[in-house]
Amino acid sequence: MSVYTRKVRLTGKSAKEIYDKISQDIDQWSGKIGLPNVKFKKDPEAKKVEVHSPMFNITLVCVDGEARLDGKLGMLALPFRSRIDEQIDKWVTRHFPDKA
């Protein structure tokens with residue numbers, strides 16, 4: 001598996017604001033798309049979300065002004081790395097337009 005790391009700056013946003021928005025979107029997204037092989041583990045206290053699947057494992061940690069993604073992408077997910085970055089950028093633009 002290849003290492004994937006990304007920091008998304010959201011200056012002026014609290015860890016709680018960032019986590020709450022991400023958590024809400026995960027609930028909506030996972031409810032619409034039944035992905036039996038993808039497991040989400042949310043930790044509101046730590047403002048952290050872990051996502052596990054056969055193709056990738058990602059930990060997202062929210063801190064004041066930033067969301068940090070650390071994980072590993074499997075061989076099948078590796079070609080989609082730029083697409084993952086693109087979708088993160090679109091999400092930020094949609095939910096925090098003043099930070100894009």
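As the structure is a prediction and not an experimental result, all values here were calculated from the model.
- Annotation: side chain of N57 is not in contact with side chain of V51 (no heavy-atom distance under 4.5 Å).
- Its side chain within the 4.5 Å cluster rule, V63 clusters with V61 among the Ile, Leu, Val, Met, Phe, Trp and Tyr residues.
- With sequence neighbours excluded, the residues satisfying salt bridge (charged side-chain N to carboxylate O under 4.0 Å, His left out) with R83 are E86.
- Of all heavy-atom pairs between P54 and N37, the closest is CD-O, 3.3 Å.
- More than 12 heavy atoms of other shown residues, nucleotides or ligands fall within 6.0 angstrom of atom NZ in K42.
- The residues D89 and R94 are annotated as not salt-bridged, no charged nitrogen and carboxylate oxygen being separated by less than 4.0 angstrom.
- Side-chain atoms of V92 and L10, non-hydrogen and from C-beta on, do get closer than 4.5 Å to each other.
- By the side-chain contact (heavy atoms from CB on, under 4.5 Å) test, K16 pairs with S14, D20, K47, sequence neighbours left out.
- Taking the side chain as every heavy atom from C-beta outward, R81 and L73 approach each other to under 4.5 Å.
- To the nearest 0.5 Å, atoms NZ (K48) and SG (C62) are separated by 11.5 Å.
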K13/D64 under salt bridge (Lys or Arg N to Asp or Glu O under 4.0 Å): CA gap, chis, key distance, verdict
CA-CA 6 Å; K13 299 297 179 184; D64 290 340; over 6 Å; no
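- Considering only residues two or more places apart in sequence or on other chains, T5 meets the side-chain contact (heavy atoms from CB on, under 4.5 Å) condition with V3, D70.
- Contact record, G12 with E17: O-OE1, 4.1 Å, taken as the closest heavy-atom pair.
- Residues in residues 48-94 take part in these ring-ring contact (aromatic ring centres under 6.0 Å, His included) pairs, two or more places apart or across chains: W91-H95, W91-F96.
- Evaluation of the side-chain hydrogen bond (donor to acceptor under 3.5 Å, both in side chains) rule for R68 yields E66 as partners, not counting sequence neighbours.
- Of the N and O atoms on the side chains of D43 and Y19, not one donor lies less than 3.5 Å from an acceptor on the other residue.
- To the nearest 0.5 Å, the span separating CD1 on I22 from CD on Q24 amounts to 11.5 Å.
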